[in-house]
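Read through the structure below, which is laid out as structure tokens, and then see the notes.
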Protein chains: 4
Amino acid sequence: MLKQSPRVLGRPRHDENAKPKKDIVLETATRLFIKEGYKNISMADVAKACNVTKATIYYYYPTKGDLYTSALLAMMDQIKLSILQILEESISFKDRLEKLVEIHLSATVDIDMKNFMREATINLSESQLIEVQASENNMYKTIEQAMKVEMELGTIRKGNATFFAHSFMALMSVGYVKDGEGKRIFQSEAMAAREIIDFFWKSVEK
Amino acid sequence: MLKQSPRVLGRPRHDENAKPKKDIVLETATRLFIKEGYKNISMADVAKACNVTKATIYYYYPTKGDLYTSALLAMMDQIKLSILQILEESISFKDRLEKLVEIHLSATVDIDMKNFMREATINLSESQLIEVQASENNMYKTIEQAMKVEMELGTIRKGNATFFAHSFMALMSVGYVKDGEGKRIFQSEAMAAREIIDFFWKSVEK
Amino acid sequence: MLKQSPRVLGRPRHDENAKPKKDIVLETATRLFIKEGYKNISMADVAKACNVTKATIYYYYPTKGDLYTSALLAMMDQIKLSILQILEESISFKDRLEKLVEIHLSATVDIDMKNFMREATINLSESQLIEVQASENNMYKTIEQAMKVEMELGTIRKGNATFFAHSFMALMSVGYVKDGEGKRIFQSEAMAAREIIDFFWKSVEK
Amino acid sequence: MLKQSPRVLGRPRHDENAKPKKDIVLETATRLFIKEGYKNISMADVAKACNVTKATIYYYYPTKGDLYTSALLAMMDQIKLSILQILEESISFKDRLEKLVEIHLSATVDIDMKNFMREATINLSESQLIEVQASENNMYKTIEQAMKVEMELGTIRKGNATFFAHSFMALMSVGYVKDGEGKRIFQSEAMAAREIIDFFWKSVEK
DNA sequence: TATGAATGAGGATTCATTCAT
DNA sequence: GATGAATGAATCCTCATTCAT
């Protein structure tokens, strides 16, 4: 009788293409935390979604708070990067902002920073929280910096750049809004971006 | 050292001046849920804060979800009422909006509707969720309606009133923002309101 | 405008036909306990089914155990009475037994005495248990007595009357049995009674 | 006085001679459920009796219903096996039945299948109940099958084999009966078995 | 007679975390 | 590296019972 699944003997060669397990865990956890929040996702949930055991996760991330911290940092880092990239393009500032909004609305289900920061405040340790806050601040500073530059260039009126940056992010999140019947109020991300930036621009133009 | 006398079983003697316990529970729970969110507040926490036992809370609210639902409904109702009241005053629309922002920034720690709705989505039952969504919708409709009226009156430009309403609320919540060092970016609620409405008004004026 | 439901003023005349509340409670409780057992029925369940408050039940029955005790006693008493009545009829003993079986299979969903006695043993106080056991014994003694009489009369063979009585009751409960597909193994109570008594009779006839 | 050393966290050192904890839990739970029933035994009771924590039990059995289901299945399986074994012996059918009864009366405190099935019906989930019912059916089918064989062989009269099987089990449980004073009505399991089978045999012999 | 309000004790279940292997 | 086995503390919820009215 034939053996069912013939496997090569000995230690399996490491699959070069396989992602390190640590990264799989982080990505999976990030996705879950975004969807359901810190308290609604258990370490068991993450483990199951990764097809590993809880102990494996603890091997890489000493506490749940650390995993959450790592997830937030990675996420913000990525957002910051993508913001930087778009802001560097050589189209008008207004067009850059519009592109930024469109891409973000397309890329994610409502990543609400305020939410993550709130959960961080409540659930993380002091040191973890400081890390996360620094990263968030960094992310906002990126936009703030761009606002300052454009103020200097005269593209937009002079004003409180921090306030402008936060207003921009706040308005961006309106793109996700659904009305009373559960329908998006915009037909596409592109249209949402257009309307949002038109609105924003009126406030900041000279 | 004196032992604290343990509460007694049975119906307590009624104090005419006392607030109904059901209201105390609701108010306390609302406060806690606002501060820490659904999952971070246990029924035991609420009970302790009310100085009653858990069973007492269950006497009035059959599940934690029901308590949360009631808290949200009451809160939204109150917000809606206060919005209505301010919007009815006989000062200019811009001034009414400014007053609205100032009062809300003063009255509460960041009541972030998006947050509550998110927790509702994740944690409530279908029927509870529907109730809460209806109430939220109602609240927004109040502002939307005012926007429509002012569009007709020609005070503001014609546009998507739903979008205007949500943008207004989104910008309002910028008033709570703190910068990298944990300092509020506005010195007072009045100043925040002034700046926010100036910003908003540029977007909506004719 | 008309008042909605005009009621007669003053204390309502006591409805002579209305059953005393105490009896309603007992009957309702008995029905529930039979269907679901002691532990699966809460005082709240009973109260709800009676349309009164828990406190009302406690007004009549000082503890849940007392309510259960009363329910069992009433039930056994009634069963004993109906047994006595049937056994007194002037038809052959075999026919009396058959009638007894048929009537009991028709009257109730499987009233399994062993079950009640077990729950009594586990949940009742010493004194309550003694009462119930006495009553159960009494019920069995009724049948036992009949067996003895018939032994004397020569209708059935001489043997252990206690054993006969219990065998009779055990066989009676086979009438409720369902097979693997959930179908009753007898088409009617009458047929069940016939088959059961035929079976029993073979064992006890001379 | 010595404090009992608290159990330590984490995976305990493995003792080769020790029974798997999963089995210990199942056996203990079975014993307790038999004695006191589903609702009267809490997970804490089981845990205490096993000298493990509740969490350990949940590690192996995801719900109390699952534990009960497993316990019933194991029990019925064992009973079925022992029935099969005895029925295969090369002594007369009547002797085999007698042995079967004697062994069961000796082996257990009144394992009342009807009781377990009732608690199952009330407390288990649909799917759990189906499993248990299948297993119970299987157990009865074993006896039924033997009855059929003996009918063919002419050892007993032809009749409804399902009814015979259930009657047999019903009569067997009479062996546990105690009279009014709490005394068993038979002096020994052997005598009970003898009397029960004599009784049963009269009903089924040709 | 009847009830509304409240409690203390427990019961099922979840979860972050630990540790020997 | 990765895991299986186990825990302690908490969480939501139920329930028998009590007592002023």
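Reckoned from all heavy atoms, side chains included, excluding hydrogens, waters and symmetry mates. All values derive from a computational prediction rather than experimental measurement. Residue numbers begin at 1 in each chain, while the letters A, B, ... track the order of the sequences.
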What is the distance, to the nearest angstrom, from the [atom1] atom on [X] to the [atom2] atom on [N]?
X	N	atom1	atom2	value
C/Leu67	F/dC15	CG	C1'	14 Å
D/Phe33	E/dA12	CZ	P	9 Å
B/Ile41	F/dA10	CD1	P	15 Å
D/Met43	E/dG10	CE	P	18 Å
B/Lys19	E/dA5	NZ	P	18 Å
B/Lys48	E/dG8	NZ	C1'	17 Å
A/Lys22	F/dA2	NZ	C1'	15 Å
A/Asp23	F/dG1	CG	C1'	15 Å

Problem - Polar side-chain contact D/Lys54-E/dT13 base: donor and acceptor under 3.5 Å - result: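 A donor-acceptor contact between them is present.
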Problem - Any strand: nucleotide that pairs with E/dA20 via Watson-Crick or wobble, under 3.5 Å - result: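 Here E/dA20 is engaged in a pair, and the nucleotide opposite it is F/dT3.
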Exercise for the section: Answer yes when A/Arg118 and B/Glu36 have at least one side-chain N-carboxylate O distance shorter than 4.0 Å, and no when they do not. Expected result: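 No, this pair does not count.
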Exercise for the section: Could you check if a side-chain atom of A/Val25 sits within less than 4.5 angstrom of a side-chain atom of A/Leu67, using non-hydrogen atoms only? Expected result: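 Yes, at least one pair of side-chain atoms sits under 4.5 Å.
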Practice task
State whether a side-chain donor-acceptor pair under 3.5 Å links B/Thr30 with B/Glu27.
Solution key: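 The answer is no; no qualifying pair exists.
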Side-chain N or O of [X] versus OP1/OP2 of [N]: is the shortest distance under 4.0 Å?
X	N	value
C/Thr53	E/dT3	yes
D/Tyr61	E/dT13	no
D/Tyr59	F/dA5	yes

Exercise for the section: Starting from the 5' end of DNA chain E, give me the residue, A/Ala55 or A/Lys39, whose nearest nucleotide shows up first. Expected result: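 On the 5' side of the pair lies A/Lys39.
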Problem - Nearest-nucleotide 5' precedence on DNA chain E, B/Tyr60 against A/Ala44 - result: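 Looking at the nearest nucleotide for each, B/Tyr60 comes out on the 5' side.
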Which listed nucleotide ([options]) is nearest to the side chain of [X]?
X	options	result
B/Lys21	F/dA6, E/dA6, E/dT17	E/dA6
B/Lys64	E/dG8, F/dC13, F/dT17	F/dC13
D/Tyr58	F/dA16, E/dT13, E/dG4	E/dT13

Handout entry: A/Tyr60 six-ring face occupied by A/Lys21 cation (under 6.0 Å, within 45°)
Key =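 No.
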Practice task
Test the C/Lys22-C/Tyr61 pair against the cation-pi criterion, namely NZ or CZ under 6.0 angstrom from the six-membered ring centroid and within 45° of the ring axis.
Solution key: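 Judged by the rule, C/Lys22 and C/Tyr61 form a cation-pi pair.
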Practice task
Answer with base, sugar-phosphate or nothing: what part of the nucleic acid does B/Ile57 contact at a heavy-atom distance below 4.0 Å?
Solution key: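 No contact.
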Practice task
Just call it for C/Ser42: base, sugar-phosphate, or nothing, with non-hydrogen atoms closer than 4.0 Å on any strand.
Solution key: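 The residue C/Ser42 makes sugar-phosphate contact but no base contact.
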